[in-house]
Amino acid sequence: NGAYDAYQGIIEQSNRRKKNLVHSGAHVQWEKIGKVVPKDIDYRARQLLREIDRATHTKNEWIHSDVLHASDQMYPTRVLRMHLEDTLDTLLREQILERERAEKYNVDSESDTEEDEPNASEVPKREESSDESDFDVDAAIEKSGMDVELSKQIKKRAERRARRKLREKQKQLSMEQEVLNVRKKIARSKNKSGAELAEDILQAQLGVEGCLACRTRKCQWVSTVDTDIVQKRVRELDKEIERVRLNKEAAVMDSEVCLTAQQGGNKSFRRLDLLDELVGEKRELERRLDMNNVDKELHDAYASRKEYFESKHLHGYSILLWTNNARVALEGRQTRLVGMAVAKDVVDDILDWMLEGWYFGERESNFQVLGYVPTVKRDGKVKAGQDQIGSVAAVVSKLKQRAEMRKKGILRSEARKGQMLEKAWEIEEQSQQRMKELKVARDGNSHEHLLNETESTLRFGIFMLTLMYFRAMTYLKREQKSWNADDDEIGVKGKGSKLMTAERMRMLDEEAKAIARKKKLDLVLSRGRVGESRRIERERAERREAVLRLQAVIRRQRLELNSIVTLQRMYRGHVGRKAARRWYLKRAELKAMTALLTAAAICVQRIYRGHLARVFTVVKRTEMAQFIALMRVQEAAADEEMYWQTHPWSRFKMKRREWLTKKLNDYRGGSDMGKTRLTAAEQAELEGKSIEEIKRKIDGFSVDDAVDDEDEDEDDEDDDAESENE
């Protein structure tokens, strides 16, 4: 896997990189304590208000602030102002709700005296005395060393005493809680009016699950529209409107979604007419849904038992209102929506009636029924509008019946041949016969009842007219006499002098006093008007001067603000240009240094890579030469081995010669390569023999070796000759 030094170098480089690595959160100053949102409500409200004013008067699109989250951040000015206003509204709303809760649960009555409640100084004494009375029974028994049975009885008595104290304490707490609940009820009903008390009685009668709006134990409210079907229809209209709006090039379009086409009318429309009809129907359905939702919320508001109510459909978004205010607002909204619906239906019926009555010109009616048609509408006549639309089903069924009769071959009276008088004669005879046989006003039928009511009404009306006539004439004569003063004691028509009654004198006196009071009042008011006009003129002048001063101050403030903004803008631009110039020089210097370092690195890499390539080439060449030499040695060894296999005698002689050479070297004092030869004395001393013996041995051995070498040479020559012959 490599040398150990290389491994150590890799480890050192890794540790160096880890030291230079920037860890996440290293830039955070963990020991520095940040700001905290103040807990004081008033100070927090003033702080938010100051920040809102600062965000309102600034002209910058971005602003730094540390008020919202207690940390210095940059926000868009509008976003910061919006969040600050929401926070301030929430804070003030919590203040109001907290004050209302405190007032709601404040059950202290003015009639309560200090004798009703125990003294505060006595409570701790009782607790201390009770704490002193509770001592450790087991410890006292162990110290006294009394009998086991007696100790058990004492323990049981102590347990019973503790349970009795606990029950008394719980009973006292329950009594105090009951008194507190009674005081709450008294405090709630103390300042209530008769209507509020009646409302409380009704709530008690209906119970918890009763509906206050319906005044029943089970709610009777029913939706005026089928919400699912209407919403599905609105979605279909949205898709059709989108299709019509996208197709801008078409002048005429076909549609089966609009109401006219679904009622059996034409399916081809001009694009703008189709769009207007679809949008109008969608707006009408949305208004119906809105009216249903408002009616439901009004019902919930009347059924609510809380002091506040959350409305979602009053303005199109959620809003929290007092329950009474919500009821008033929802009633007004419901009244407007119902008025709009009724007005639209009435106007539609009027327009349909005028259209059918040819007020807009002669036209062929789309409906087959109008007027008194008992087969369609038994009571009353079929009017233009919704009645005609509802009568379409009856007319269609009658047409289907005629078609079936035609298929079966049944001939109707109006289909027979002949003159009109002959065709109508049979119907006229049947009608006359029916009139003879059956009276219109029979006993107990509706016609008789209607005639009796009409006769009674006419008689009573004539009687009332006569009575009112004579009564009016009586009052008229009485008024004429009072105007002429015929019955007065004092009058111009009387022969003698008539005295004034006390009532008349009092009336005249009151009239004179009223005239005098009016004159005095006019005089005082005329004087007061002068002073009032002077005061109004003075206040108007003061107000005008104050407005001028305020305008001058505001104009001065705006001029100062604009001047400050201009100075800041120019100075910031100057500082920015200086910083940009310095950064430009620094960036140029960095670019030059980077280019120099890059060129130097490229040069060093080029030289070093050339060196590595040359070293690699030498190594490869050496390896190739060694490989070639090894191949040659192997081939030579293989050839030699093949030769020795085919020439065993030569191989034996070669081995024998090697052995003799080794022996000679050993006995002659031969040395290894690079070592000095031993002398005869050193050799004799090493082998433990005398010098003469060694010399004699060497001389005799050399002669034999020479003879053997000659014999071997001769044998080699013979072998070579044999091999050549072969």
Side-chain angles (χ1 to χ4, degrees), residues 24-108 180 184 187-188 191 297 301 304-329 546 549-551 553-565 567-569 571-572:
S24 59
H27 63 285
V28 180
Q29 300 178 6
W30 301 102
E31 68 279 1
K32 187 175 181 180
I33 300 174
K35 296 182 180 180
V36 182
V37 177
K39 301 296 183 182
D40 189 1
I41 304 298
D42 296 334
Y43 177 76
R44 177 63 175 171
R46 289 193 297 270
Q47 187 182 24
L48 290 171
L49 188 59
R50 286 197 300 270
E51 195 68 10
I52 290 171
D53 293 337
R54 189 170 75 90
T56 303
H57 292 92
T58 185
K59 294 185 178 180
N60 299 327
E61 295 182 358
W62 296 83
I63 186 172
H64 286 273
S65 176
D66 57 350
V67 176
L68 190 59
H69 301 301
S71 60
D72 192 4
Q73 298 179 4
M74 179 179 285
Y75 303 88
T77 305
R78 294 182 179 178
V79 176
L80 176 63
R81 181 180 174 184
M82 181 179 64
H83 284 287
L84 288 172
E85 289 175 353
D86 292 343
T87 307
L88 182 60
D89 293 341
T90 304
L91 194 65
L92 296 177
R93 193 182 302 112
E94 290 176 356
Q95 284 272 79
I96 294 171
L97 293 177
E98 187 175 359
R99 191 170 301 168
E100 289 174 355
R101 295 192 201 100
E103 291 177 359
K104 182 178 180 181
Y105 294 104
N106 185 12
V107 296
D108 294 338
L180 183 62
K184 287 182 180 180
R188 292 195 197 102
N191 299 323
E297 282 196 350
S304 177
R305 301 170 188 262
K306 298 181 180 178
E307 295 181 356
Y308 53 88
F309 180 76
E310 183 180 3
S311 176
K312 295 182 180 179
H313 300 284
L314 181 60
H315 300 297
Y317 53 86
S318 297
I319 183 173
L320 195 66
L321 300 170
W322 295 110
T323 305
N324 293 331
N325 297 340
R327 290 170 182 173
V328 173
R549 287 197 299 271
L550 182 60
Q551 288 178 354
V553 172
I554 293 174
R555 194 180 301 111
R556 179 71 178 177
Q557 290 178 355
R558 289 181 179 176
L559 182 60
E560 291 179 355
L561 182 62
N562 294 332
S563 302
I564 290 170
V565 172
L567 290 174
Q568 290 180 354
R569 176 174 56 79
Y571 180 71
R572 287 174 179 171

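Just so it is clear, the model here is predicted, and its values are computed rather than measured.
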Out of curiosity, [X] [atom1] to [Y] [atom2], how far, rounded to the nearest 0.5 Å?
X	Y	atom1	atom2	result
Leu80	Arg54	CG	CZ	7.5 Å
Gln557	Ile564	CD	CD1	10.5 Å
Leu91	Leu49	CG	CG	11.5 Å
Lys59	Asn562	NZ	CG	4.0 Å
Leu314	Asn325	CG	CG	11.0 Å
His64	Asp72	NE2	CG	6.5 Å

Worksheet item: Which atoms form the tightest heavy-atom contact between Phe309 and Thr323, and what is the distance?
Response: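 It is N-OG1, 4.0 Å.
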Fill in: Heavy-atom closest contact (Trp322 atom, Glu307 atom, distance)
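Closest approach of Trp322 to Glu307, heavy atoms only: CE3-O, 3.2 Å.
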Worksheet item: Hey, are the side chains of Ile63 and Arg78 touching, using non-hydrogen atoms and a 4.5 Å cut-off?
Response: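 Heavy-atom side-chain distance check fails, nothing below 4.5 Å.
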Worksheet item: Leu68 versus Gln73: any side-chain heavy-atom pair under 4.5 Å?
Response: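 They are not in side-chain contact.
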Looking at [Y], is its backbone amide N or carbonyl O close enough to the side chain of [X] to form a donor-acceptor pair, meaning the two atoms are under 3.5 Å apart?
X	Y	value
Thr77	Glu61	yes
Arg327	Ala301	yes
Glu297	Lys312	yes

Practice prompt. Quickly, which of Gln47, Met82, Glu85 forms a side-chain contact (heavy atoms from CB on, under 4.5 Å) with Ile52? Name it, please.
Written response: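 Of Gln47, Met82, Glu85, side-chain contact (heavy atoms from CB on, under 4.5 Å) with Ile52 is met by Glu85 alone.
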Worksheet item: Which residue, Glu51, His83, Arg81, forms the side-chain hydrogen bond (donor to acceptor under 3.5 Å, both in side chains) with Ser65?
Response: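 Passing option: Glu51.
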